[in-house]
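The figures here come from the full heavy-atom set of this structure, side chains too, leaving out hydrogens, waters and symmetry mates. We name chains A, B, ... by the order of the sequence lines, and we start the count at 1 in each one.
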Amino acid sequence: GAGVSQSPSNKVTEKGKDVELRCDPISGHTALYWYRQSLGQGLEFLIYFQGNSAPDKSGLPSDRFSAERTGGSVSTLTIQRTQQEDSAVYLCASSLEGSYNEQFFGPGTRLTVL
Amino acid sequence: GDSVTQMEGPVTLSEEAFLTINCTYTATGYPSLFWYVQYPGEGLQLLLKATKADDKGSNKGFEATYRKETTSFHLEKGSVQVSDSAVYFCALSDPLSNTGNQFYFGTGTSLTVIP
């Protein structure tokens, strides 16, 4: 079956522009996660969705970052007024509900802010 | 708070050498522990996991044992191959300490195996 997909795979934008990153989770996975992977760094947790609600937004680095999820499926991560420090690979993962379930990762979106 | 500390790389080994990548954790509850691998140009994929103390996760010749007494989950392989060249991430999930199944990841260890 299909895995987690993300689009676009690469995005180059100018400083100050807004960008939208999309994640399609595995069908039936109720939990969805966004992470950021900066060069030479580990994975930084951004936000978690259970269904369409986000009980944990603690990882969003600033109010320029927002995310939504509709229909318990597709999620969009929006970054407004992008800055150069936003350049990173943004990873999406999904899992079945449950505390010990594996997270399945998408291939990521590489964002470059010029 | 919860965290994972992972051996820093990069690590370079000759083919058939023994591999150990150290991972220790801090958690308030009873976490599950994971090793993820990221091959060049690919996304993260689960390598192995253990959900309780003394469990051993294993896959593709890799093993890791959940040691509660030393709060460790070291990754080992007896004989590495060139195809094992990748970045390895240790991670934990501690559902008693947060509102979701957030994973806490280490910084990753890059492994290069040379023929």
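Using a 4.5 Å cut-off between heavy atoms, A:E44 does not touch chain B at all.
Residues from residues 105-114 of chain A that place a non-hydrogen atom less than 4.5 Å from a non-hydrogen atom of chain B comprise A:F105, A:G106, A:P107, given in numerical order.
Atom CD of A:E85 sits in a crowded spot, with more than 12 heavy atoms from other residues, nucleotides or ligands closer than 6.0 Å. The number of heavy-atom neighbours closer than 6.0 Å to CD of B:E15, taken from other residues, nucleotides and ligands shown, is above 12.
Listed by first then second residue, pairs satisfying disulfide bond (SG atoms under 2.5 Å apart) with a partner in residues 39-84 of chain B number zero, not counting sequence neighbours.
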Distance-only donor-acceptor pairs under 3.5 Å for side chains of residues 3-10 of chain B, two or more places apart:
from, atom 1, to, atom 2, distance (Å)
B:Q6, OE1, B:C90, N, 3.1
B:Q6, OE1, B:G108, N, 3.2
B:Q6, NE2, B:Y88, O, 2.4
B:Q6, NE2, B:T109, OG1, 3.0

Side-chain donor-acceptor pairs of residues 58-70 of chain B under 3.5 Å, sequence neighbours excluded:
from, atom 1, to, atom 2, distance (Å)
B:N59, ND2, B:L47, O, 2.8
B:Y66, OH, B:P31, O, 2.7
B:T70, OG1, B:S72, OG, 2.8

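Interatomic distance, A:E102 CD to B:F103 CZ, rounded to the nearest 0.5 Å: 7.5 Å. Interatomic distance, B:F105 CZ to A:F45 CZ, rounded to the nearest 0.5 Å: 11.0 Å.
At a threshold of 4.5 Å between side-chain heavy atoms, the hydrophobic network of Ile, Leu, Val, Met, Phe, Trp and Tyr places A:L77 and A:Y33 in two separate groups. Cluster membership check: A:L21 does not share its hydrophobic cluster with A:V89, using side-chain heavy-atom separations under 4.5 Å among Ile, Leu, Val, Met, Phe, Trp and Tyr.
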